[in-house]
2 protein chains.
Amino acid sequence: MSNENPSAAMFAQFAVVARALGHPHRLALMQLMAQGECAVETLADRAGLTVANASQHLQRLRRAGLATARKEGQRVLYRLADGAVVDLLGALRRIAENNLAEARQLIQTYFDRRDSLEPLTRRELRRLMRAGEVTVLDVRSPEEFAAGHLPGAINIPLRELERRLRMLPASQRVVAYCRGPYCVFSYEAVALLREHGYDARRLEDGYPEWKAARMPVEANDGAARPSAPARAADTARRR
Amino acid sequence: MSNENPSAAMFAQFAVVARALGHPHRLALMQLMAQGECAVETLADRAGLTVANASQHLQRLRRAGLATARKEGQRVLYRLADGAVVDLLGALRRIAENNLAEARQLIQTYFDRRDSLEPLTRRELRRLMRAGEVTVLDVRSPEEFAAGHLPGAINIPLRELERRLRMLPASQRVVAYCRGPYCVFSYEAVALLREHGYDARRLEDGYPEWKAARMPVEANDGAARPSAPARAADTARRR
DNA sequence: TATGAATTCAATTGAATAATTGATTACTTG
DNA sequence: CAAGTAATCAATTATTCAATTGAATTCATA
């Protein structure tokens, strides 16, 4: 295929990657995989896709070098190929935020409680954590939490938050986080907590970015590990 | 359009950007625009496209927030929207290089004189430039050169290089650069120079990356300027 | 070895894209 | 104002892509 012009051939390769990025479902799947390695059916479920459809999208991501798969027993576990994929997604996000009117509109409408909710940077949160002055709240699902989370975080999925409020000490500031910058969970969590009198704030983005920034993470199966290449702890025991 | 799920709507926006990236011709056009603001016909010419086709690709890039256009007289000048676009392209490139077998294959075949040609990093070149120990050679077209180039660079387009070799002092190391990491010009220039006994090396990537890294540039219309937002000096006098 | 579960494959349909062509719209200049 | 230039628009065709359905693999376990 066209080697008359080598740089055109390289561009064709880049285009393969870009087109694989270019579907909302695949972006959603990537965000989910950014939480940790995960089986096809689990991903399909969380993304609201049929298994066959998710499988095909995932295969396409794999062909484009954005994801990798390995077989474990009868399931196939997919994960992002590379920390650089998170960077790529971040760059994409930045362009859309800065230059697309529609995206800015959406942010204003749904996410721009942003100003009033004063997101914390990773660095700021890190400092508070070291000082022991903060309760870190992970509002994702228990499975995602188990695959990896911020050290010392408490896991209360959003839908259970109201019921389990008492688990959070009212005396201390709470910082909530979820799947990523455009995951609504942490926004809603902070709103709810504030209604109940908490001093609550959001982390600026989510777990994947924290991990990609090589901040410490820990997983459920035991010891904290500084920032190791997330061992295959997919806990999707389903049905 | 689908505001039931705000983060799905955001993903749809990101997908718009990604799909706009996802065509080899558009990537080529972006590389060309990364050299500096440029008129449609010029871009079409350099990319080897018909004007109508280039126009449509450019419009799509504009709609996706990757490029902007302004009208000057009877021509429309397009440029990249944002320094972040160069970052995005870089991230794309890195994924393809690391994870796509085909891309690695191409690099080996066409570009992996890489090792033997020992590319210089921007920082290294900067140091040599300050020390006055290097001749910087720009092998792009005069128009591209005029729109912006490394300070003190000599412009000899590749096809004229052999004829005008005497313009380069044989006593000093030569560092060549061109449009970007996958532009063949600088590879060929270095090969040619070495055949003629020069101590020649390549810059690791091209002018756009240099500029995006906020290194000093200068343009033909006069004074060097530290790294200002490239003024509209499109010198495409054509035909 | 038979059963069931997880995933992939194959074939179909409808939708979105890309390139081409020719016509049309702005703008400049004589 | 007329002529010419630069860019865009409109309509066509071939291609690629997405989602669905149902069948086919592959593996684990009884």
Side-chain angles (χ1 to χ4, degrees), chain A residues 1-2 8 11-12 15-29 33 37-64 66-79 232 234-239, chain B residues 1-2 8 11-12 15-29 32-33 37-64 67-79 232 234-239:
Chain A
M1 200 212 277
S2 104
F11 285 139
V16 167
V17 180
R19 286 161 73 170
L21 281 176
H23 193 284
H25 289 166
R26 285 193 289 269
L27 290 165
L29 288 168
M33 284 189 282
E37 197 178 40
C38 200
V40 177
E41 191 181 358
T42 313
L43 289 168
D45 237 47
R46 292 193 187 144
L49 304 175
T50 66
V51 173
N53 193 3
S55 170
Q56 298 191 165
H57 283 306
L58 289 167
Q59 284 174 67
R60 179 142 182 201
L61 289 173
R62 198 182 49 186
R63 282 196 304 271
L66 290 163
T68 61
R70 69 190 182 86
K71 202 151 190 178
E72 187 177 85
Q74 45 191 338
R75 33 183 70 144
V76 176
L77 302 180
Y78 277 87
R79 68 193 308 177
D234 183 36
T235 42
R237 75 185 97 73
R238 299 177 24 64
R239 175 86 18 114
Chain B
M1 199 212 276
S2 105
F11 285 140
V16 167
V17 180
R19 286 160 72 169
L21 281 177
H23 193 284
H25 289 166
R26 286 194 289 270
L27 290 165
L29 288 168
L32 292 170
M33 284 189 281
E37 197 178 39
C38 199
V40 176
E41 192 182 357
T42 313
L43 289 167
D45 236 48
R46 293 195 186 142
L49 304 175
T50 66
V51 174
N53 194 2
S55 171
Q56 298 191 165
H57 282 307
L58 290 167
Q59 283 174 65
R60 178 144 184 199
L61 290 173
R62 199 183 47 185
R63 282 196 304 272
T68 60
R70 70 189 180 90
K71 201 151 192 178
E72 187 177 85
Q74 45 190 338
R75 29 184 73 141
V76 175
L77 302 180
Y78 277 87
R79 69 194 307 178
D234 183 37
T235 41
R237 77 185 93 74
R238 300 174 25 64
R239 169 98 17 115

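Every chain is numbered from 1, with letters handed out A, B, ... down the list of sequences. All heavy atoms count here, side chains included; hydrogens, waters and symmetry mates do not.
With D:dA6, C:dA18, C:dT20 as the candidates, the nucleotide lying closest to the side chain of B:T50 is C:dT20. For A:A52, taking side-chain heavy atoms from C-beta onward, the closest of the listed nucleotides C:dA18, D:dG22, C:dT21 is D:dG22. Considering only the side chain of A:Q74, C:dG4 comes nearest among C:dG4, D:dT20, C:dC27. Here the nucleotide nearest the side chain of A:Q56, chosen from C:dT7, C:dA10, C:dA18, is C:dA10. For A:H25, whose side chain is taken as the heavy atoms from C-beta onward, the closest listed nucleotide among D:dA19, D:dT8, C:dC9 is D:dA19.
Backbone-only engagement by A:Q59 is indicated by non-hydrogen atom pairs under 4.0 Å involving sugar-phosphate atoms exclusively. Within 4.0 Å (heavy atoms only), B:V40 reaches sugar-phosphate atoms of the nucleic acid but no base atom.
Distance A:R70 CZ to C:dA6 C1': 15 Å, rounded to the nearest Å.
Of the side-chain N and O atoms in A:H57, one or more sit less than 4.0 angstrom from OP1 or OP2 of D:dA19. For D:dT26, neither phosphate oxygen OP1 nor OP2 lies less than 4.0 angstrom from any side-chain nitrogen or oxygen of A:R75. At D:dT16, none of the side-chain N or O atoms of A:R19 fall inside 4.0 Å of OP1 or OP2 (strictly under the cut-off).
Comparing B:S55 and A:G73 against DNA chain D, the residue whose closest nucleotide sits nearer the 5' end is B:S55.
Salt-bridge formation is not detected for the pair A:R75/A:E41: no Lys NZ or Arg NE/NH1/NH2 atom is positioned less than 4.0 Å from an Asp or Glu carboxylate oxygen.
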